[in-house]
Amino acid sequence: MTTEFAEKIYSQLKKVPKGKVITYKALAQSIGTKAYQAVGTVMKNNPYAPEVPCHRVVATNGTIGGFKGKKSGKAILEKIGMLQKEGVKTENGKIKNFEKVVYTFNSTCCAEERT
DNA sequence: CTCGTGACTTACG
DNA sequence: ACGTAAGCCACGA
């Protein structure tokens, strides 16, 4: 079971196409909340693991955020690896071409996904 | 219900 | 640029 709040996040996050990322800020705002931190909190639950690629979510400044080898869990590190596989390259725990891979619900949708 | 923590962000020093 | 402080909301005990 999940909370409505979480479901909103998951719903939006699932909209993010492959090879792209989204910031907690944009994600939080998209669901109509200012609790950026709460976003990350529900991410931990992530009951929709493959459907909700939490690793695809990054900090507002383009950094990976807490995914790094801090203490959150090495499992997250694995996600980062696969994130790069999808096309989102990273450098020193930060997104490369962040502006190119960043995704927003207000901008063009799946620009690269559509042929 | 109250307290504590958090995968966050913004601002000030 | 880095560190500390305050604000925000949700979840766990």
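Chain A is the first sequence line, chain B the second, and so forth, proteins listed ahead of strands; every chain is numbered from 1. As the structure is a computational prediction, the values presented were derived from the model and not from experiment.
Counting only N and O atoms by type, the side chains of K25(A) and Q29(A) include a donor and acceptor under 3.5 Å apart.
Under a hydrophobic-cluster definition in which Ile, Leu, Val, Met, Phe, Trp and Tyr are linked whenever side-chain heavy atoms come within less than 4.5 Å, directly or via other members, I31(A) and V102(A) are assigned to the same cluster. Residues L13(A) and M82(A) do not share a hydrophobic cluster, clusters being chains of Ile/Leu/Val/Met/Phe/Trp/Tyr side chains in contact below 4.5 Å. Placement of V57(A) and Y36(A) in two distinct hydrophobic clusters is found when ILVMFWY residues are connected by side-chain heavy-atom separations under 4.5 Å, directly or transitively.
Minimum atom distance to the side chain of Q37(A) is reached by dG6(B), of the listed dT9(B), dC11(C), dG6(B). Listed candidates were dC9(C), dG12(C), dT10(B). Nearest to the side chain of T60(A) is dT10(B).
In this structure, NZ of K25(A) is placed 15 Å from P of dC9(C), rounded to the nearest angstrom. dC8(B) atom P lies 15 Å from atom CD1 of I22(A), rounded to whole Å. Residue L27(A) contributes atom CG, which lies 20 Å from atom P of dC8(C) at whole-angstrom precision. Rounded to an integer number of Å, the gap from OH of Y36(A) to C1' of dC9(C) is 11 Å. Remark: C1' of dC11(C) and CD of E7(A) are 15 Å apart, rounded to the nearest angstrom. The CE-P distance, from M43(A) to dC9(C), rounds to 18 Å in whole Å. Atom CD1 in I64(A) sits roughly 12 Å away from atom P in dT9(B) (whole-Å rounding). Whole-Å rounding puts the K44(A) NZ to dA13(C) P distance at 10 Å.
Backbone-only engagement by F5(A) is indicated by non-hydrogen atom pairs under 4.0 Å involving sugar-phosphate atoms exclusively. Nucleic acid contact class of T41(A) (heavy atoms, under 4.0 Å, all strands): base.
For the pair T3(A) and dA10(C), the criterion of a side-chain N or O lying under 4.0 Å from OP1 or OP2 is not met. Side-chain nitrogen and oxygen atoms of K34(A) include at least one within less than 4.0 Å of the OP1 or OP2 phosphate oxygen of dC9(C).
For the side-chain hydrogen bond (donor to acceptor under 3.5 Å, both in side chains) test with E86(A), the passing option among K18(A), R56(A), K20(A) is R56(A); the others fail.
Where V39(A) and A59(A) meet DNA chain B, the nucleotide closest to each residue was compared, and V39(A) sits on the side nearer the 5' end.
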